[in-house]
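First the structure, in the form of structure tokens, and then the observations on it.
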Amino acid sequence: DVQLQASGGGLVQAGGSLRLSCAVSGITFDDYAIGWFRQAPGKEREGVSCISRIDGTKYYEDSVKGRFTISSDNAQNTVYLQMSSLKPEDTAVYYCVAEGFCRVGLIPKAYPPDYSGQGTQVTVSS
């Protein structure tokens with residue numbers, strides 16, 4: 001049974017920080033690119049950040065570059081997303097995903113991720 005258990009969301013003021021965690025089980029960690037999608041009400045789903053399974057390259061959506069940092073603990077099968085300088089427009093449900101390759105930016109509905117967790121709410125107040 002594949003599980004991607006996301007945690008760490010919450011309410012924070014603009015300029016604050018949060019660290020999201022994703023505990024992965026049921027798949028071979030090294031066989032997948034692990035990343036984070038987010039979806040705000042009324043908006044399209046977008047890929048925020050991802051770690052490539054091929055070479056460990058890290059990818060970021062343009063609006064989060066310099067503010068978010070993705071990392072992984074392969075021994076613990078856990079991926080983290082450190083979010084700093086948070087803005088109200090970062091408010092969304094953040095999902096941990098596992099795919100064959102990394103994607104950032106808008107994610108078409110027709111191409112959902114291979115695996116996705118239940119999501120964790122991030123709310124940034126102005």
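Annotation for Ser21 and Trp36: closest pair O-CH2, 3.5 Å, computed over non-hydrogen atoms. In this structure, Val2 and Gly26 approach most closely via the heavy-atom pair CG2-O, 3.7 Å. Nearest approach of Ile70 to Lys58, heavy atoms of both residues: O-NZ, 3.2 Å. Contact detail for Ala14 and Ser126: the closest heavy-atom pair is CB-CA, 4.4 Å. In this structure, Pro113 and Arg45 approach most closely via the heavy-atom pair CD-NH1, 3.9 Å. Nearest heavy-atom pair, Val97 versus Ser116, reported as atom, atom and distance to 0.1 Å: CG1-OG, 4.0 Å.
Within the 3.5 Å criterion, the main-chain N or O of Gly9 finds a donor-acceptor partner in the side chain of Thr120. Put simply, the side chain of Thr91 gets close to the backbone of Val124: a donor and an acceptor are under 3.5 Å apart. Side chain of Ser52 to main chain of Ile54: a donor-acceptor pair is present (N/O by atom type, distance under 3.5 Å, no hydrogens or angles).
Cation-pi geometry between Arg19 and Tyr80 is satisfied (NZ or CZ under 6.0 Å from the ring centre, within 45° of the ring normal).
Distance OG1/Thr57 to CD1/Ile51: 10.0 Å, rounded to 0.5 Å. For the atom pair SG of Cys50 and CD of Glu61, the computed distance is 13.5 Å after rounding to the nearest 0.5 Å. Going from atom CG of Leu4 over to atom OG of Ser25 covers 7.5 Å, rounded to the nearest 0.5 Å. Note that the CD atom of Gln3 and the CG atom of Asn77 stand 12.5 Å from one another [nearest 0.5 Å].
At least one side-chain heavy atom of Cys22 sits under 4.5 Å from a side-chain heavy atom of Val24. Leu20 is listed as a side-chain neighbour of Val122, based on a closest heavy-atom distance under 4.5 Å. Side chains of Ser72 and Ile34 form no contact here, defined as non-hydrogen atoms less than 4.5 Å apart.
Between Asp90 and Lys87, none of the side-chain N atoms (NZ, or NE/NH1/NH2) sits under 4.0 Å from a carboxylate O, so this pair counts as no salt bridge.
Applying the ring-ring contact (aromatic ring centres under 6.0 Å, His included) test between Tyr115 and each of Tyr95, Tyr32, Phe37 identifies Tyr32 as the sole match.
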| query | side-chain contact (heavy atoms from CB on, under 4.5 Å) between Met83 and Arg67: does it pass, once the steps are laid out? | reply | CA-CA 6 Å; Met83 306 186 295; Arg67 301 188 297 121; over 6 Å; no
| task | Check the pair Glu99 / Ile107 against side-chain contact (heavy atoms from CB on, under 4.5 Å), numbers first and verdict last. | result | CA-CA 12 Å; Glu99 301 193 285; Ile107 304 297; 5.7 Å; no
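If you check the side chains of Gln5 and Ser7, you find no donor sitting under 3.5 Å from an acceptor.
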